[in-house]
Every structure is written in C-alpha cells, then in structure tokens.
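Below you'll find the structure, written out as structure tokens, and then a few comments.
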There are 2 protein chains.
Amino acid sequence: MPQKVFVSAQEVADRAGVSRSAVSRTFTLGASVSPETRRKVIEAADALGYHVNHLARGLMRNESGIVCLIVSDMATPHRSALVKALAQELQHSGKIAMLVNTDLLDGSVDLALRQAIRYRADASIIVSGMPDKSITQLCLKNGQRLVLINRDDEQEGPLRINLDDEEAAGRVVTAFLRAGRRRLAFANSEAGTPSLMAREHGFVAAAKAHGLEVVVERYGWTSYESGRVLAQRLLTLSGRPDAVFCATDLLACGFIDAARHQFFIRVPDQLCVAGFDDIEQASWASYQLTTFAQPLATIAREAVSWLESNETAKPEGQAHAIRLHADLVWRGSIRGG
Amino acid sequence: MPQKVFVSAQEVADRAGVSRSAVSRTFTLGASVSPETRRKVIEAADALGYHVNHLARGLMRNESGIVCLIVSDMATPHRSALVKALAQELQHSGKIAMLVNTDLLDGSVDLALRQAIRYRADASIIVSGMPDKSITQLCLKNGQRLVLINRDDEQEGPLRINLDDEEAAGRVVTAFLRAGRRRLAFANSEAGTPSLMAREHGFVAAAKAHGLEVVVERYGWTSYESGRVLAQRLLTLSGRPDAVFCATDLLACGFIDAARHQFFIRVPDQLCVAGFDDIEQASWASYQLTTFAQPLATIAREAVSWLESNETAKPEGQAHAIRLHADLVWRGSIRGG
DNA sequence: TTGTAGGCGTTATCAT
DNA sequence: ATGATAACGCCTACAA
C-alpha cells in the first residue's frame, strides 16, 4: 500500500499531458474545455482514482457544500423520518449533510455547532426542539444561511417552514363533534415548542367557538411514556373525556395503550383519539390513529431549494416563511370518519 | 453586515500583537505557547469571533476529522437509534458525522460515497444492510478506515463489530421449550444480511439439537408490513406454530398485530413471540416483546475508540473483529419468563 | 517560546 | 481553449 493515498490534480495533469488548470476546469461545472482535453483528463483521472478535494475547493471558493443538520430527539420516529428526507434531498442536490446532535446536556450543543462552523458549513437546518437564540445567532453571524423547521421564531433572516398547526387543530374539533363527543381534552408535553403550543391553542380556541371547554394536561417531554402518564391523569377525571387530541403521535400511542390495557377503554367507541405527525406506528393495527401527515418530502424540498436559490445571495437578505398544510389521515381512532 | 464573514488567524494575530504561528499553536493541541501569549490570543479570537478553519487544517494535516456514516433504512427505529449513538460518540470525541443515505435506488449510493471521499473523510462506518463489496473497496482504497456494524464480511482491514446472533437464537429455543412450545417457526425477511441469516441458522440448529423441526418463512424486507404477511403465511398453516422467533422487532410487531387483530390469537397464551433489537416499540404495552437488546452505546464506543486509536496507523494494518453479547430482555410475549 | 518561510490542493485571474 | 501564477487559511519545520 502506497504511503500517498490521494492523487492530486497535478498528477492527473501530468498523466494526461495537460495543465493543472485543464484538470480543474474539467471538474468545474460550466467551465470551457475542449472535448478532446476533457476526454484525456477523465481518462487519466479514472486510471489514477482521482477525486476532487472538496476541502481545498471549499477553501478557494469560500463555499464548502456542507449543510449542518442540527437535531434533537433524532431516534424518534418523526425526527428520523425528517432527517432522512433532508439528507436525501441534500444528497440529491450535490450537498452533504453534517449531523449535529443536541440531545446531550453537557453544553455540547454549543460545542457541536462551533464544530460545524469550523467546517465552514454553508447553511444549518435546525430540527431541534428548542434551540437557544444564541445558536441561531451564531449561525447567522458566521455567514450561514439558516432554515428553521417547525419553529415559529420571530427571527429575521432564516427561512422558516411551518405547518398550519392551529388550523389543523380546529379540524380535530370538528371531527370530534361530528363523532358526537362533547368532553374534549388536549394532551400535551411540557416542552412548550411553538408548534406544540399552536396545536393546543388552536384546539382550545376552536372548541370554545363551539361553546366547549377543553381539559388541558401537560407532562414531560414528547414521548410514549408521557402519553401514558397523561392518560392516567385525564382518564381518572370525574367527567372523563370522551375525545382527546394528543399533541403528537408518540403521545397518542402511549395514551391509547394506557387507555386500553390499563383502563379497558375501547377506542374509538368510548374514547376518540387524534394525533399529529403520522409516524409509521400511527398506521399500525394496534393504533389505527387518525392524525395529520407531516409533508416531509415537501419540507425537505423547500428547504434545500431555498438554499440553492440563495447560494449567491447574502444570508440576511431574503427572509422568507413557508406555511404548509397538514393533511388529515383518517383511521379508526375517531368514530365515523 | 460585512462582506467578509470569516476572520483568519492573521487578523487574530494582528489584534493580539503576535505572529500568525502563535495563533495556530494556541489552537493546536499539545503545542507550546506561553500562558501570556495564549491569553492574548484567546482574547483577540473571542473578540473577533475566530474559528479555526477545518477545511484548511484538514488540507495541511491530511486528516479531516470527518467520519462518514453510510446508512440505509435510517428512519427505522433500530437504525435511527444506532445512528444517534454513533453521532453522539463521534461528537464527543471531537469528530463530526457526515450522513450518507443509501436508500435511493438510482445508483446514488456510489455517488454519495464518492462525495464522502471528496471531503477526505478519515473513516466510514457502514450501517447499511447490504453494501456492495465495491463500496468497502473504494473506502479502503482511498485511505479511509472502515467500520462494519452487524455485517460479517470476510474482508480484511475494516473493524467488524457483530453480535453473537447464533448464540442468542439458541437461547430463544430454550425459552420456547421452557414455555412448553414444540411447534417452532422462524419469520425472516428476504434481505439475507449476515446477521439475519445467523439468527435463522442459530435458531434452526438449536431446535434440531432438541429434535425439533422449524418452519422457516421469508418475505420482503425487514418491516412491519412484512411481519404481517409472514403471520398470514405461518398462522394459516395446518399445524399452526405455537412459538415464533422473528428476525427483527419490527417484523415481530407486525406479526403480533396480525395474530391478534386478524386471527384473534392471544399472545403469549396461544402464541409465544420473540424478536431482536429491542427497539422502543418492543416495550410498548401493545407488544411487550421479549427480545435481544443491541448494545448501542458499546457498539458506538468501540467503533469510535478504534478509530481514535488507529489515527496514525495505516488503514489496512489492524484488522480487528469484535463480537458482542446480546442481552435477553424478558417481557410478556413469552410465557413463563 | 517565538517568528519566518514554504507548502497543502484547489480555483480565479490573466495572459496567450 | 489553454497555461502560468496568485491567492485561500492553515500547519510544520527551522532558525532565532
């Protein structure tokens, strides 16, 4: 095995009998090279196993092609699906995703982000529950473009992609009413992220518009376990709810399991349940959860195409917000769909 | 907003009144700088918002700090948990994870890998079901160290981390026998990856050692849906199995749901079920699946520490294989745990 | 301990 | 269309 593993443009040039610049141009989109030269270069490159060094290219061009994915709870069904969609879309457009996990508590979030900055990532996509304002600030300050997904921050500069959570929540009220339910409840986590709160507010407001009160309960973070606890609390109430909207499918799964296995309540006969995200488990036979589909592909496409379109523009220039519609997916957890 | 976003070491040096090299040394681990100089440099760097440019550093050191995660089915519970563990561990040791998704069919696997090579990733960790031999070959050829997780390839060079699938499968037979079951079945996907096949062979062999035949069925890829189909096939057999080992938890969940909701079979009374991976859903009340835990943290730690220890060594030098034990997690899906 | 000089692999600029 | 040359930001000798 040779000591020197990587072959440089110079070596390719030597073998092809052309100049270094010719090699560079061959691998630069939209540069002018004669077909003959190009052929010779490609041939030599293949023979030698040459790959353009993006470290050096990034240094020159001041543009690395790296996009940083800042994400929390990434082992969660919804998050992992989103990350996958984003990674694929980035890959598809010739960029590459760097993964920064923000689940660790020891202040390594900040550390990780600085790491991304050191690699001169062109942009960051934040899929994290509650990023500090300082994080987004740091990104922008370092010339990164920024995409915020499902985070209705007030910030200027980044692209913000959101769902119409409030409107969706209103549709749940309609569905519950149509199923003949009047004792409504909302099960939320304590995370307090903008989209979760929007669902809560939308649900409560729509209910009030119909003259109904909603019992709201919040607990823990957005997990299956929290769903169980929330069920414990809501299903032991004197005027037990007959319909509950869970802020998240994961909560809903826990809620349904507790209702069924612990309280022997039948869904949807005795209790209607709705969720949000349309995670894979929502379609499983044990849950058959009526929920809202996150348009993952659209989110990813919008995010990446914005990054592409803004390639040359200054990061703080085009502030932009996209509001997407969430389709309701009817399954068995609400009666009379 | 200034045109120039990134501040260079030179600017920090100017402000601190020292030389460029002093700045470099301050940010290089184990270089000798006087406390006084270091202080001045740090101060100037903070004031200016300086971050070492890893693109340039990687160029010089011939070592990028980037580790490529090559992964398929990453939205799956088990895979996403593994990716998370790896990303965290890498982050923890100052490296950064690049995500390469191999789910797309259009030959973009190869494309993505080349992408990683272009960034001069120091290593690749393959968590993909069936990477072509050519992929691993390409990695090694380009001076990357390679970690293969749950892939018992014959290759020399990479670190191979595997579970003792066969031995684990044998324990399932014991458990089934202890529960009084004699009509054993194995539900597998058609993926044919080494670890899946090892579970199958281990199960069949252990059963044979007890004088029992196993009905083996394979279908589709490793998904919930496949589990349902497999149930359909196995539970309509004349001598219906009373115990089934599913190659994967995801298969098991589908299997259980079909058994319960479609055939009204009670688990574990009429049917014992075991799975593999210990995904989060295995612990959900609807499944209570007895399964084997993948030691994710250990896998991640072993992988990363091997990468660290081998930092300076040649990639093909230390071939190494690690075989990990999978702990059996007892839940309700096997009678008499 | 500190500063100076040279080079890493690439692309952009400017001639030709 | 092609080739020489100068950056890009950093690190590592080497000399002081």
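Order of the sequence lines fixes the chain letters, A, B, ..., with proteins taken first and strands second; residue numbering starts at 1 for each chain. Fair warning: this is a prediction, and the values are worked out from it, not measured in the lab. Below, all heavy atoms of this structure are taken into account, side chains as well, without hydrogens, waters or symmetry copies.
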Which whole-number value in Å describes the distance from [X] [atom1] to [N] [atom2]?
X        : N      : atom1 : atom2 : result
B:Asn62  : C:dG7  : CG    : C1'   : 13 Å
A:Gln10  : D:dG3  : CD    : P     : 11 Å
B:Arg61  : C:dG9  : CZ    : C1'   : 17 Å
B:Arg118 : C:dT10 : CZ    : P     : 12 Å
A:Glu11  : C:dC8  : CD    : C1'   : 13 Å
B:His51  : D:dC10 : NE2   : C1'   : 16 Å
A:Phe6   : C:dT10 : CZ    : P     : 11 Å
A:Tyr119 : D:dC10 : OH    : P     : 14 Å

Legend entry - Closest contact, heavy atoms only, A:Ala303 versus A:Leu159: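 Minimum heavy-atom contact is CA-CD2, 4.2 Å.
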Legend entry - Atom of B:Leu55, atom of A:Leu59 and distance for their closest heavy-atom approach: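 Closest approach of B:Leu55 to A:Leu59: CD2-N, 4.2 Å.
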Inset, instruction - Give one of base, sugar-phosphate or nothing for B:Tyr50, where a contact means two heavy atoms less than 4.0 Å apart. - result: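 The residue B:Tyr50 makes sugar-phosphate contact but no base contact.
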Inset, instruction - Mind checking B:Ser21 for me? I need base, sugar-phosphate or nothing, with any heavy atom below 4.0 Å counting as a touch. - result: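 Touches a base.
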Which of these nucleotides, [options], is closest to any side-chain atom of [X]?
X       : options              : answer
A:Arg20 : C:dG3, D:dT5, D:dG3  : D:dT5
A:Val18 : D:dT2, C:dG9, D:dG3  : D:dG3
A:Thr37 : C:dT11, D:dA1, C:dG6 : D:dA1
A:Asn53 : C:dG9, D:dG9, D:dC11 : C:dG9

Determine: side-chain N/O of [X] to OP1/OP2 of [N], distance under 4.0 Å, yes or no.
X       : N      : value
A:Ser34 : D:dT2  : yes
B:Ser32 : C:dT1  : yes
B:Ser8  : D:dG9  : no
A:Ser24 : C:dT11 : yes
B:Arg57 : D:dC11 : yes

Inset, instruction - Begin from the C-alpha positions of B:Phe6 and B:Tyr50 and carry the test ring pair (Phe, Tyr, Trp, His ring centres under 6.0 Å) through to its verdict. - result: CA-CA 7 Å; B:Phe6 292 114; B:Tyr50 170 76; over 10 Å; no
Inset, instruction - Have a look at A:Val71 and tell me which of A:Val100, A:Leu86, A:Asn101, A:Leu99 forms a side chain to side chain contact (heavy atoms under 4.5 Å, CB included) with it. - result: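 The side chain to side chain contact (heavy atoms under 4.5 Å, CB included) with A:Val71 is passed solely by A:Leu99 among A:Val100, A:Leu86, A:Asn101, A:Leu99.
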Inset, instruction - Without swapping roles, check the side chain of A:Ser124 against the backbone of A:Cys139 for a donor-acceptor pair under 3.5 Å. - result: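 Absent.
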Legend entry - Ionic contact status for A:Arg15 with A:Glu11, cut-off 4.0 Å: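 No, no charged N to carboxylate O under 4.0 Å.
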Inset, instruction - Go through the N and O atoms of the side chain of B:Arg120 and the base of C:dG9, and report whether any donor-acceptor pair is under 3.5 Å. - result: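 Between C:dG9 and B:Arg120, which were checked side chain against base, a qualifying N/O pair under 3.5 Å is absent.
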Inset, instruction - Could you check B:Arg25 against B:Leu59 and say which one's nearest nucleotide on DNA chain D is further toward the 5' end? - result: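 Going by which nucleotide is closer to the 5' end, it is B:Leu59.
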